[in-house]
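Comments concern the structure below.
Side chains are part of it too, since the values below use all heavy atoms of this structure and drop only hydrogens, waters and symmetry mates. For clarity, every value in this text was computed on a predicted model and none was experimentally measured.
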Amino acid sequence: PDTPSGAISGKTGISYSYSTSTIDTDSDNVYYWFDWGDGSNSGWYGPHDSGYIINLSHTWEADGTYPLKVKAKDINGAESEWSDPLVVSMPKNKI
């Protein structure tokens with residue numbers, strides 16, 4: 001899949017939306033799995049048409065830097081490699 005796109009920095013406790021797409025070589029419908037980089041994931045989301053841009057949201061609860069990545073699998077179970085990561089930073093609030 002394409003590297004996820006969306007905000008690369010933000011504040012904890014706020015939901016941010018990320019999008020990606022992939023094209024299946026056989027035009028099969030595909031599922032997506034987002035790894036949010038904080039120990040949680042989206043689980044398999046779909047199926048969706050090959051090439052369709054999907055959007056999922058996530059809220060980080062702790063300050064840090066998170067490598068957000070995604071993989072896809074088609075309806076026949078053929079699974080992709082992980083996408084390149086989008087590094088998301090949740091900076092600490094300044095006093």
Side-chain angles (χ1 to χ4, degrees):
D2 294 334
T3 301
S5 62
I8 59 169
S9 65
K11 294 182 179 180
T12 57
I14 296 174
S15 179
Y16 294 92
S17 180
Y18 294 88
S19 62
T20 192
S21 69
T22 196
I23 295 176
D24 184 79
T25 55
D26 300 322
S27 298
D28 292 331
N29 286 353
V30 292
Y31 295 86
Y32 294 90
W33 182 287
F34 279 71
D35 179 331
W36 301 111
D38 62 358
S40 69
N41 62 67
S42 65
W44 288 113
Y45 176 69
H48 299 279
D49 291 338
S50 175
Y52 181 78
I53 298 171
I54 61 127
N55 293 286
L56 283 180
S57 296
H58 185 67
T59 303
W60 285 270
E61 299 299 333
D63 292 333
T65 302
Y66 303 100
L68 165 57
K69 58 188 178 180
V70 63
K71 65 180 171 178
K73 74 173 179 179
D74 69 16
I75 57 173
N76 297 308
E79 205 168 297
S80 74
E81 299 293 324
W82 287 104
S83 69
D84 289 334
L86 176 71
V87 178
V88 179
S89 297
M90 294 291 137
K92 297 180 178 178
N93 293 334
K94 296 183 179 180
I95 299 176

Completion exercise
Value for CG (Leu86) from NZ (Lys69), rounded to nearest 0.5 Å, stands at 13.0 Å
Handout entry: Side-chain donor/acceptor of Ser19 to backbone N/O of Ile53, under 3.5 Å
Key = no
Problem - Closest non-hydrogen atom pair, Ser9 against Met90 - result: C-CE, 4.4 Å
Exercise for the section: Could you pull out the closest heavy-atom pair between Lys11 and Tyr16, with the gap in Å? Expected result: N-OH, 2.9 Å
Completion exercise
When every non-hydrogen atom of Pro1 is compared with those of Glu81, the smallest separation belongs to CD-O, 3.8 Å
Problem - Co-membership, hydrophobic cluster, residues Trp82 and Val87, 4.5 Å side-chain - result: no
Practice task
Without swapping roles, check the side chain of Ser17 against the backbone of Ser57 for a donor-acceptor pair under 3.5 Å.
Solution key: no
Problem - Ile23 with Val30, same ILVMFWY side-chain cluster at under 4.5 Å - result: no
Completion exercise
Rounded to the nearest 0.5 Å, the OH atom of Tyr18 sits from the OG1 atom of Thr3 at a distance of 13.5 Å
Exercise for the section: Report the distance from atom CD1 of Ile54 to atom CG of Asp49, rounding to the nearest 0.5 Å. Expected result: 12.5 Å
Handout entry: For Ser83 against Pro4, the heavy-atom pair lying closest together
Key = OG-CD, 3.5 Å
Fill in the blank from the handout: Shortest non-hydrogen pair, Ile75 vs Asp28, comes out as CG1-CB, 4.1 Å
Fill in the blank from the handout: Here the side-chain hydrogen bond (donor to acceptor under 3.5 Å, both in side chains) pairs for residues 29-44, sequence neighbours left out, are Asp38-Ser40, Asp38-His58
Practice task
Please confirm whether the backbone N or O of Asn76 pairs with a side-chain atom of Asp74, one donor and one acceptor, at under 3.5 Å?
Solution key: yes
